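Here is the structure we will look at, set down as structure tokens.
All ligand and atom numbering here is 1-based and tracks the order in the structure. Just so you know, these numbers come straight off a predicted model, no measurement behind them.
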Amino acid sequence: MDLNKREYVKDVLNKKDNSKVIVAGWVEKVKLMGNLNFINLRDRTGVLQIVAKGFKELSKLTPESVISASGTIKKGQKKSGEKELILDNYEIINPAETPLPIDIFGDTTSIDKRINYRFLDARNPKINAIFKIRSNMFKSIVDFFSKEGFIKINTPKITAAGVESGSELFKIDYFNKKAYLSQSPQIYKQMMVAAGFERVYEIAPVFRAEKSHTTRHLTEFIGVDMEMGFIQDENSVMDVVENLIKYIIKDVKNNCSDELNLLKVNVEVPKSIPRLQIKEVKSMLKEKGKKLSDNDDLDSESEKIIGEIVKKKYKSDFVFVVNYPWDKRPFYHMKSDNDSKGTKSFDLIWNGVEIGTGAQREHRYKILKEQAKEKGIDLDKINGYVDIFKFGCPTHGGVGLGLDRMVQCLLILNNIREAILLPRDPERLTP
Ligand code: 4AD
Ligand code: MG
């Protein structure tokens, strides 16, 4: 059968009666009724009923085998009048063994086992839909940044040192030298602002040697990082992040309505995202019985509570928490103007989960050196980082967002592993 002439099920279902077509896909079901047999054929666009008059050997056709089929389109017998294919001929491209190792369409298989057989699991249209939406989110992000004049950069993932916490670095053997997998493109995106690109972004893997067994941590995730020059302050960055979030949700709503319906997810474009001082947030938490000191970070429990409070009080799924304590932020965050214990930083929380961290960066060479010293970091050891601020660097700031967490939050998935095809966590290196 000529696969170059193969058409998608979705298109075939809209064809006029008596059209001759070739389709191909997976056998979802075979119904044997003697002389009149039926195959439900699934491809990535839908399911088509094939009516096979005769073809007794279909009894040997196993579920999930891949076939091609040719025939004539006819209005079906069902009330819906959905078109069917009257089979002329079929070919088995690849038969499936039985039994299948997982129940693709049931919901009893553990996530762990499903990921072991992701190539089967993702044949479930609901699982497939998650990744179609993820793909669209990726496209929306690229569209948005291009529209806003950001330049896409690619930065090294093998690095000599990190700028975030040292404990999260994966060591690798690099021709007898010490090297690490990149835990953030932080240095490089700042470097490229200074290089005159002014606005840059990258969507790329980020590696974190965190031995966390939670529903929101991976050891390899996709970071959506941006950095922009000539900002007034951290609010300039939050304005862009807010527009990005609105753009993604609007675009997904427009392009993925079938997938969202299938997953029974109703998404709303936020009107505006409240920006709350961390001090204010901590006093709200205190009212809920969660006490945190001025220097504390927000833990995941606090983020969850804040998510609930904001939903009630501001009718918002999102909140920016701003002005995190200097104690808990990396050395490159700019300190607040009138408060050396605060920083011009923010986290973005979506339904109680942190999806992004950003800040205005310290671009003044002398002050940056002092801040590094205060944190016990030897700046000379961070290859080339200091130089960025010696030869003309604008005010700048940016954000790092986690794509996997954004997919998780948008689709209200209870585990981040549902949002990524082949997750990496402390226990998992395969498939
Ligand atoms: O909050 P993080 O660590 O911030 C940075 O990397 C900064 N350099 C960003 C900046 O521009 N200042 O990471 C950013 C985001 C988090 O908010 C979260 O969404 C995601 O990356 N993330 C993870 N996602 C999955 N698994 C993990 N272990 C993650 N760690 C961070
Ligand atoms: Mg963070």
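Under a 3.5 Å cut-off, the side chain of N14 and the backbone N or O of D11 do not form any donor-acceptor pair.
Ligand 1 has a nitrogen or oxygen under 3.5 angstrom from a nitrogen or oxygen of L218. For a threshold of 3.5 Å applied to N or O pairs, the pair formed by L401 and ligand 1 contains no separation below that value. Inclusion of G358 in the set of residues having an N or O under 3.5 Å from an N or O of ligand 1 is not warranted. At least one N or O atom of R208 sits closer than 3.5 Å to an N or O atom of ligand 1. Considering backbone and side-chain N/O of G402, one or more are found under 3.5 Å from N/O of ligand 1.
Considering only non-hydrogen atoms, atom 25 (C) of ligand 1 lies nearest to R216 out of E210, R216, Q186. By heavy-atom distance, the residue among E227, M406, R361, M226 lying nearest atom 11 (O) of ligand 1 is R361.
Between E268 and K315 there is no salt bridge, since no side-chain N of the basic residue sits under 4.0 Å from a carboxylate O of the acidic one. The pair E7-K15 counts as a salt bridge, with a side-chain nitrogen and a carboxylate oxygen less than 4.0 angstrom apart. Taking 4.0 Å as the cut-off between side-chain N and carboxylate O, K157 and E202 count as a salt-bridged pair. Contact check on K10 versus D258 returns a salt bridge, with a Lys/Arg side-chain nitrogen under 4.0 Å from an Asp/Glu carboxylate oxygen. Comment: E242 does not engage K271 in a salt bridge, judged by the lack of any side-chain N to carboxylate O separation of less than 4.0 angstrom.
Residues R134 and I222 have side chains in contact (heavy-atom distance under 4.5 Å, counting atoms from C-beta outward).
The shortest separation from a heavy atom of D404 to ligand 1 is not under 4.0 Å, leaving the residue out of contact. At least one heavy atom of Y332 lies less than 4.0 angstrom from ligand 1. Ligand 1 lies less than 4.0 angstrom from a heavy atom belonging to G356.
Considering only non-hydrogen protein atoms, atom 29 (C) of ligand 1 sits nearest to F221 CE2, 3.2 Å. Taking atom 14 (C) of ligand 1 as the reference point, the nearest protein heavy-atom neighbour is G400 O, 3.2 Å. The nearest protein atom to atom 19 (O) of ligand 1, hydrogens excluded, is given as I355 O, 2.8 Å; this is a heavy-atom distance. Closest to atom 18 (C) of ligand 1 among all protein heavy atoms lies R405 NH1, 3.6 Å.
Exactly one of F320, F318, Y324 qualifies for a ring pair (Phe, Tyr, Trp, His ring centres under 6.0 Å) with F346. That residue is F320. The one candidate from D107, D103, D121 that meets the salt bridge (charged side-chain N to carboxylate O under 4.0 Å, His left out) condition with R114 is D121. A side-chain contact (heavy atoms from CB on, under 4.5 Å) with R428 is found for one member of N116, L218, L422, T219 and no other, namely N116.
The parts of E354 lying near ligand 1 are both backbone and side chain, judged by heavy-atom distances below 4.0 Å. Residue contacts with ligand 1 for K189 involve side-chain atoms from C-beta outward but no N, CA, C or O (heavy atoms, distance under 4.0 Å).
Within the listing of ligand 1, atoms 1 (O), 4 (O), 9 (C), 10 (C), 11 (O), 12 (N), 17 (O) sit less than 4.0 angstrom from a heavy atom of T357.
Side chains of R275 and N323: no donor on one and acceptor on the other come within 3.5 Å. Q49 and E84 share a donor-acceptor pair across their side chains, judged by distance under 3.5 Å alone. Side chains of S302 and D299: a donor-acceptor N/O pair is present below 3.5 angstrom, by distance only. In summary, the side chains of N136 and S140 do present a donor paired with an acceptor at a separation below 3.5 Å, with no hydrogens or angles considered.
Take a cut-off of 2.8 Å around the Mg ion (ligand 2): the protein N, O or S atoms inside it are E354 OE2, T357 OG1.
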